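Read through the structure below, which is laid out as structure tokens, and then see the notes.
If you're wondering where the values come from, they're calculated on a predicted model, not measured in any experiment. Whatever order the structure lists them in is the order used to number ligands and atoms, beginning at 1.
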Amino acid sequence: MRTKVAIIGAGPAGLFLAHLMARAGIDAVVLERRTRDYVEGRVRAGVLEQGTVALMEQLGLDARLKAEGLPHTGTNLAYDGEIFRIDMAALTGAAVTVYGQQEVMRDLFDAAGPRGVQIVFEAEDLRLDGLTGNSPSVAYRKDGVAHTLACDFVAACDGFHGVGRASIPDDVLKVYERVYPFGWLGILAEVPPVNHELIYANHARGFALASMRSPTRSRYYVQVGLDERIEDWSDERFWDEVETRLGPTASAGLVRGPSFEKSIAPLRSFVAEPMRHGRLFLAGDAAHIVPPTGAKGMNLAVSDVAMLAEALALFYADRDASGLDGYSARALARVWKAERFSWWFTGLTHRFPDMDAFARRMQVAELAYIRGSRAAQTVIAENYVGLPLR
Ligand code: APR
Ligand code: PHB
């Protein structure tokens with residue numbers, strides 16, 4: 001089998017890229033190790049930057065997003081019993097849309113067949129060959145049968161544990177990493193959200209986030225130690241903790257209910273450079289991870305593949321490789337800024353084990369400063385709604 005672009009992984013990065021290739025008339029095949037149900041079922045964040053919404057519009061994948069997505073023109077910070085709002089629309093002219101990653105995935109998968117987006121599910125034992133030559137290929141097994149997909153380029157959209165980044169020699173790849181000494185315990189519950197917008201709370205006991213999926217479905221998180229076990233977190237304990245950490249004002253009207261999803265995710269910042277090796281291009285979590293504070297993960301995957309698609313289109317239209325040559329530097333410039341924001345926002349809102357009383361006062365002072373400063377709020381707002389692609 002032969003194609004132009006072999007895309008590894010059918011997460012947000014891989015599927016957006018596949019749709020962009022289909023729209024540009026460039027042959028591509030997606031190879032995914034898991035089933036559609038598995039990929040679609042993973043619960044992730046749910047805040048779409050303007051650029052992500054715009055891409056769904058351009059691809060004509062925005063019908064449900066327009067009907068069910070919740071436009072948010074502001075976001076809220078709570079600390080020490082206080083809560084204040086950052087009016088993103090007033091400060092930047094932009095907003096975000098709350099729409100679960102699971103919904104985005106469903107829209108991308110539903111439209112794949114009708115638009116001729118080719119996806120091979122349960123492609124196992126995948127191996128990349130010839131990446132530094134002119135004719136790379138991807139070997140894999142499907143239902144016990146060996147296949148080889150010859151291609152011009154390989155797009156590794158295969159997440160943090162994929163084969164793409166692992167195929168780049170150690171002496172080429174430089175990795176930057178910060179592992180945080182805590183995780184997020186998250187739940188989904190069929191209850192109305194405590195507030196019509198998100199609330200990020202810094203409490204002496206740790207961070208909490210009140211988010212949502214719809215007017216009747218809420219998503220809450222609390223920061224927990226890495227040694228915490230999910231079995232020790234009854235729904236009641238979880239709700240008590242959320243209520244305490246949000247504080248009396250922000251938690252007023254909190255509606256409790258049984259959780260139907262509960263999981264702990266560790267927090268990490270990670271960047272691998274460069275995002276290209278020969279004819280292999282990395283995009284999304286394959287190249288970088290952000291802590292979820294600020295919900296940049298999926299949005300970064302989208303901005304990567306928007307840039308990669310542009311570069312591939314230029315190559316196939318004019319045999320002009322300048323976009324491909326510039327991809328890594330262009331993508332990384334935006335990635336590092338989102339890494340900085342996610343890292344900073346995590347530092348502002350979480351309790352660190354080595355924090356002393358002074359460090360805690362610094363957090364509270366910074367929050368009080370932000371509360372009173374339009375300039376500081378603008379910095380948060382413009383990062384939160386998403387920096388331009390450039
Ligand atoms: N062969 C085939 N597929 C693979 C392989 C492999 N060897 N390794 C990984 N994959 C698939 C995974 O099964 C997964 O479906 O690649 C996909 C990667 O998807 P994500 O991990 O979602 O990564 P990405 O598309 O970059 O999305 C980034 O979305 O899922 C969130 O936390 C993520 O917010 C981040 C954003
Ligand atoms: C979520 O709703 O899952 C969510 C929202 C905002 C974040 C992270 C996660 O910063």
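- Hydrophobic clustering of Ile, Leu, Val, Met, Phe, Trp and Tyr side chains at less than 4.5 Å, counting indirect connections, keeps Phe345 apart from Val335.
- Protein heavy atom in closest approach to atom 15 (O) of ligand 1: Glu32 OE1, 2.7 Å.
- The one candidate from Glu243, Glu241, Glu236 that meets the salt bridge (Lys or Arg N to Asp or Glu O under 4.0 Å) condition with Arg256 is Glu243.
- Residues in residues 52-76 take part in no ring pair (Phe, Tyr, Trp, His ring centres under 6.0 Å) pair, two or more places apart or across chains.
- Of the protein's non-hydrogen atoms, Asp158 O, 3.0 Å is the one closest to atom 9 (C) of ligand 1.
- Residue-level proximity to ligand 1 for Leu31 is carried by the backbone, the only part with a heavy atom below 4.0 angstrom.
- Side-chain N/O atoms of Glu273 and Trp336 include a donor and acceptor closer than 3.5 Å.
- Only the side chain of Arg44 comes within 4.0 Å of ligand 1, counting heavy atoms alone; its backbone N, CA, C and O stay farther away.
- With hydrogens and angles left out, the side-chain atoms of Thr52 and Asn299 include a donor and acceptor closer than 3.5 Å.
- Not counting sequence neighbours, the partners of Arg106 by the side-chain contact (heavy atoms from CB on, under 4.5 Å) test are Arg36, Glu40, Arg64, Glu103, Asp110.
- Near Asp285, meaning under 4.0 Å from one of its heavy atoms, ligand 1 places the atoms 23 (O), 26 (O), 28 (C), 32 (O), 33 (C), 35 (C), 36 (C).
- Atom numbering of ligand 1 starts at 1 in the shown order; those under 4.0 Å from a heavy atom of Gly284 are 26 (O).
- Asp37 and Thr35 share no side-chain donor-acceptor pair at under 3.5 Å.
- A search for side-chain contact (heavy atoms from CB on, under 4.5 Å) contacts involving Phe84 returns Leu77, Tyr79, Ile86, Ile370, Arg371, Gln377, not counting sequence neighbours.
- Ligand-side atoms of ligand 1 in range of Val163: 7 (N), range being under 4.0 angstrom from any heavy atom.
- Looking only at protein heavy atoms, the nearest one to atom 25 (O) of ligand 1 is Ala13 N, 2.9 Å.
- Every atom of ligand 1 with a heavy atom of Gly162 under 4.0 Å away is listed here by number and element: 8 (N).
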Item to check | Phe160 vs Phe270, ring pair (Phe, Tyr, Trp, His ring centres under 6.0 Å): CA-CA, chis, key distance, verdict | outcome: CA-CA 9 Å; Phe160 187 62; Phe270 176 93; 4.9 Å; yes
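- Between Arg115 and Leu61, the closest side-chain pair of non-hydrogen atoms falls below 4.5 Å.
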List ligand 2's nitrogen or oxygen atoms that come under 3.5 Å of a protein nitrogen or oxygen, with the partner atom and distance.
residue  : atom   : partner : partner atom : Å
ligand 2 : 2 (O)  : Ser211  : OG           : 2.5
ligand 2 : 2 (O)  : Arg213  : NH1          : 2.8
ligand 2 : 2 (O)  : Arg213  : NH2          : 3.4
ligand 2 : 3 (O)  : Arg213  : NH2          : 2.8
ligand 2 : 3 (O)  : Tyr221  : OH           : 2.6
ligand 2 : 10 (O) : Tyr200  : OH           : 2.7
ligand 2 : 10 (O) : Pro292  : O            : 2.9
ligand 2 : 10 (O) : Gly294  : N            : 3.0
ligand 2 : 10 (O) : Ala295  : N            : 3.2

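- Of the protein's non-hydrogen atoms, the one nearest atom 22 (O) of ligand 1 is Pro12 CD, 3.4 Å.
- The aromatic rings of Trp184 and Tyr221 sit tilted relative to each other, their planes meeting at an angle between 30° and 60°.
- The distance criterion of under 3.5 Å between nitrogen or oxygen atoms is not met by Ala10 with respect to ligand 1.
- Ring orientation note: the planes of Tyr200 and Phe207 are tilted relative to one another, at an angle of 30° to 60°.
- Considering backbone and side-chain N/O of His161, none are found under 3.5 Å from N/O of ligand 1.
- Within the structure, ligand 1 has Gln101 among the residues with a heavy atom less than 4.0 angstrom away.
- Of the protein's non-hydrogen atoms, Gly11 CA, 3.5 Å is the one closest to atom 19 (O) of ligand 1.
- An N or O contact shorter than 3.5 Å is missing between Val39 and ligand 1 by distance.
- Remark: the Thr73 side chain and the Arg85 side chain contain an N/O donor-acceptor pair separated by less than 3.5 Å.
- Not one N or O of Arg34 is nearer than 3.5 Å to an N or O of ligand 1, by distance alone.
- With ring centers used as reference points, Phe153 lies under 6.0 Å from Phe315.
- A donor and an acceptor atom, one from each side chain of His288 and Asp304, are located under 3.5 Å apart.
- Under a 4.0 Å criterion applied to the non-hydrogen atoms of Gly159, ligand 1 contributes the atoms 18 (C), 21 (O), 23 (O).
- Using a 4.0 Å cut-off between heavy atoms, Leu126 contacts ligand 1 through its side chain alone, with no backbone atom that close.
- A donor and an acceptor atom, one from each side chain of Asp27 and Thr3, are nowhere located under 3.5 Å apart.
- Every atom of ligand 1 with a heavy atom of Gly9 under 4.0 Å away is listed here by number and element: 11 (C), 16 (O), 17 (C).
- At least one N/O-N/O distance between Met298 and ligand 1 falls below 3.5 Å.
- Counting only heavy atoms of the protein, atom 2 (C) of ligand 1 lies nearest to Arg33 N, 3.3 Å.
- Taking the six-membered ring where the residue is Trp, Phe341 and Tyr384 present perpendicular rings, their angle passing 60° and hence far from 30°.
- Heavy atoms of Cys157 found under 4.0 angstrom from ligand 1 belong exclusively to the backbone.
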